[in-house]
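If you read the sequence from its start, that first residue is 1, and numbering goes on from there.
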Amino acid sequence: MSLPVLIMTRPAPDSERFIDGMKPDVRAKLSVVVSPLLEIAPTGAVVDMAGYRGAIFTSANGVAYAPPGAGRVAYCVGERTAHAARKNGWNASVSGQNAEELIKELANTPPQGPLVHISGVHQRGDIATRLSEAGVQTDAIAVYDQQLLPLSPAAQQAITAKAPCIVPIFSPRTAAHFATFCTNVENLVIIALSDAVAKPLASCGARKLIVADAPNSASMYDALETALDWATLS
């Protein structure tokens, strides 16, 4: 019996990082196809920090296209984003694991503003507007775009060949895009990062839709082991 195919849909660097973090015994039981459904590209927007007291980062992609921090304060979603910000010279702290947690923390303990959310074109939570309404003046500047890509030929072949496939999905936008490819996909086991990610996939016809216990990598790795059990059921 051939190995189940793990189809990675995140941008290539994120997919490779996820693969590298897998347990060796789990990795050995999978054939891996990297088929990014998103490509990160700069918008060309320039952020002038002269008018701001700090920045908000909700992903490491924002950090990559932001100016050097020069010791300025940054409020981040997740430790990986904060780590990237620190490497770029920001005095970065973790203010939650998602946009909702960040908004709640900054609204409850308002920092000195104004702030700027250095973000992607497509973002969730409407952070700048909601913080401004809560009394923390915040602007948003989109420094990168998340451009949709088709499934690669290798991923399409695996799906149409009816091989057991496991597909981790990490964002609602990627989920909605992947759902457009979901025809005759009873061989798929899909792992969703959260309920919001699972929603566009609820009626796609996959063999199993698993929602991670928490929106983080550790829970996705745990869900991957469950998915592997489902994918290998006869």
Under 3.5 Å donor-acceptor pairs involving side-chain atoms of residues 31-38, not counting sequence neighbours:
| residue | atom | partner | partner atom | Å |
| --- | --- | --- | --- | --- |
| Ser35 | OG | Ser152 | N | 2.8 |
| Ser35 | OG | Ser152 | OG | 3.4 |

With sequence neighbours left out, what residues match Ala212 under side-chain contact (heavy atoms from CB on, under 4.5 Å)?
Ser219, Met220

4.5 Å side-chain heavy-atom contact, Lys29 and Pro4
no

Kindly list each side-chain donor-acceptor pair under 3.5 angstrom involving residues 193-204, sequence neighbours excluded, with atom names and distances?
| residue | atom | partner | partner atom | Å |
| --- | --- | --- | --- | --- |
| Ser194 | OG | Ala196 | N | 3.4 |
| Ser194 | OG | Val197 | N | 3.3 |

By side-chain hydrogen bond (donor to acceptor under 3.5 Å, both in side chains), Tyr52 pairs with (sequence neighbours left out) Asp139

Listed partners of Arg72 passing side-chain hydrogen bond (donor to acceptor under 3.5 Å, both in side chains), at least two apart
none

Are the charged groups of Asp14 and Arg80 less than 4.0 angstrom apart, N to O?
yes

Counting neighbours of NZ on Lys162 that are heavy atoms of other residues, nucleotides or ligands and sit closer than 6.0 Å, is the number greater than 12?
yes

Look at the side chain of Glu16 and the backbone N and O of Ala12, then say whether any donor-acceptor pair between them is shorter than 3.5 Å.
no

For the side chain of Gln147 and the backbone of Glu39, is there at least one donor-acceptor N/O pair under 3.5 Å apart?
no

Salt bridge between Glu186 and Lys208, side-chain N to carboxylate O under 4.0 Å?
no

Got more than 12 heavy atoms from elsewhere within 6.0 Å of NE2, His122?
yes

Tell me, please, which residues at least two apart from Tyr75 pass ring pair (Phe, Tyr, Trp, His ring centres under 6.0 Å).
none

